[in-house]
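Counting starts at 1 for both ligands and their atoms, in listed order.
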Amino acid sequence: MTEKKQMKLGLAMFGAAGLNFKSWLDPEVHLEDYPDISVDVKAAQLAEKGKFQFMFFGDFPGTKAADNGDMQTMGMDPLLIATVIASQTKHIGLGITRATSWNNPYEVARQFKTLDAISKGRVAWNAVTGANGVSANAYGVSLPSSFDRYGKAAEFVEVVQALWASWGEDALKLDHDNQIFADYDKVKSVSIKGKYVETSGTLPIPPSKQGQPPIFHSGGSSNSVAFAGQHADVYVGEVWTIEQGKAMRQALSQAGVVNGRKPDAIAFIAGVMPLIGDSKKEALERHAKFISEDTFYQRVAHVGYALGVQFTMADIEKPIDSEILDSVEITPYSDPRTENIIRVAREGWTLREVVYHSVIDYHPAAVGTAEDIADHLTEWFESGAADGFWVMPDVYETDLKRFVEEVVPILQERGIFHTDYEGETLRENLGLPYQYGVRKED
Ligand SMILES: Cc1cc2nc3c(=O)[nH]c(=O)nc-3n(C[C@H](O)[C@H](O)[C@H](O)COP(=O)(O)O)c2cc1C
């Protein structure tokens with residue numbers, strides 16, 4: 001019997017008590033010592049207990065929370081948080097974002113190879129261009145056009161990978177008899193002068209257990225997909241329907257093939273917000289506690305905008321009229337969340353409950369019992385919409401715990417999620433080939 005394909009799970013980590021900005025208000029969360037690294041470590045250990053293949057750290061330097069009731073996220077540097085987590089875990093991978101638009105490639109190469117070595121091959125670099133002008137300004141630069149962002153990103157990754165390979169794979173000797181630590185003829189200086197970045201020097205760190213970190217990438221535009229085709233092993237993206245997921249996977253596959261790679265070379269990881277409860281209603285009520293009045297009304301307006309109507313207060317406690325839903329025309333300019341809004345609304349929820357389904361968010365929600373959430377993941381995975389999921393629980397202490405204790409066992413029983421780590425390194429656990437230096441061919 002051939003083994004069923006296995007989904008990958010990654011935990012979204014933004015250096016807070018959960019993905020919801022109000023997660024700090026959950027009675028189970030104790031943040032008297034904010035910022036408190038032990039909260040992040042505990043979430044990582046919980047995800048490792050659930051055999052998540054990786055954690056995914058975002059990075060938005062320079063930004064501050066929008067509302068006095070919101071928790072600040074990513075105030076601290078994710079690379080440093082991940083370093084502490086690496087020392088307190090054994091298996092889970094650590095995918096960390098560092099944008100190419102405002103960082104320096106030598107610095108990135110050095111930090112990631114150091115952490116990859118320390119963690120014995122559990123690190124990935126999420127090489128994003130970054131689209132946030134506030135972050136760029138904090139680094140004293142302004143954000144260039146998409147063309148230049150991706151032009152620079154491609155050069156940046158090649159410089160980083162060339163630096164990673166500047167220590168020859170077999171340069172380390174540790175030969176006590178002949179007192180030879182390393183063959184330094186095999187440690188070569190890299191000299192690259194590109195249009196956007198340049199370097200001249202060596203990075204004297206031997207390969208980690210996985211050679212070097214795999215490349216993750218997150219974006220959405222065609223430039224981003226083309227960049228991934230050449231450089232990425234894993235793509236974390238925003239899609240709201242199974243059809244959108246399938247199209248994204250197909251686009252990534254084609255972008256890889258154009259670059260001489262195998263059709264399944266790039267794993268597509270879709271975001272999902274698991275809203276878990278003993279019933280759908282209860283899950284929605286719980287999630288509603290984390291949405292402020294202001295945000296709620298902004299989202300009502302947004303749903304109206306996507307559907308081409310202006311809702312009034314009288315509409316909020318009623319299901320959305322089916323005539324409105326029938327008349328919506330989806331065009332390339334529609335909000336990409338529109339089809340998901342319509343799908344949820346057709347289930348007969350009130351407008352208030354439709355909003356509580358997180359239809360106006362960065363990623364779709366899976367709502368209900370552990371079984372409902374497992375069904376959502378199974379359906380998306382088995383229909384080819386994603387190779388895995390970037391899981392965003394509202395609160396780690398409560399929602400992640402339930403996900404690990406209740407959803408993961410169902411996926412394991414269905415034979416679509418592993419029951420233990422396959423190997424020691426992140427590459428082994430993601431099924432990615434060993435790589436050292438700039439990619440040549442798969
Ligand atoms: C899932 C996901 C995670 C992202 N995380 C970050 C991040 O942590 N830091 C950042 O500066 N940008 C982040 N971005 C933004 C991307 O860098 C990208 O610039 C943005 O999505 C715009 O897409 P485009 O570059 O394809 O136009 C993320 C995007 C996605 C889809």
From CZ (R337) to CD1 (I342), nearest 0.5 Å: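 That separation rounds to 13.5 Å.
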Item to complete: Over 60° means perpendicular and under 30° means parallel, so classify the ring planes of F54 and F216, tilted if in between.
Response: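 Aromatic pair F216/F54 classed perpendicular.
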- Give the protein residues with at least one non-hydrogen atom closer than 4.0 Å to an atom of ligand 1, ordered by chain and number.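 Its neighbours under 4.0 Å (heavy atoms only) are G58, D59, F60, T97, W102, V128, T129, G130, A131, R149, Y150, S218, G219, G220, S221, S224, V236, E238, W390, given by chain and number.
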Looking only at side chains, do D67 and S292 share a donor and an acceptor under 3.5 Å apart?
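No, because no side-chain N or O of D67 sits under 3.5 Å from a partner of the opposite role on S292.
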Looking just at side-chain N and O atoms, do R414 and T378 make a donor-acceptor pair shorter than 3.5 Å?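 T378 and R414 do have a side-chain donor-acceptor pair below 3.5 Å.
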If you draw the axis of the six-membered ring of F296, does the NZ or CZ of R352 fall within 45° of it and under 6.0 Å from the ring centre?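 That pair qualifies as a cation-pi contact.
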- Task: Could you tell me whether D116 and R427 make a salt bridge, using a distance below 4.0 angstrom between a side-chain N and a carboxylate O?
- Result: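 Salt bridge: no.
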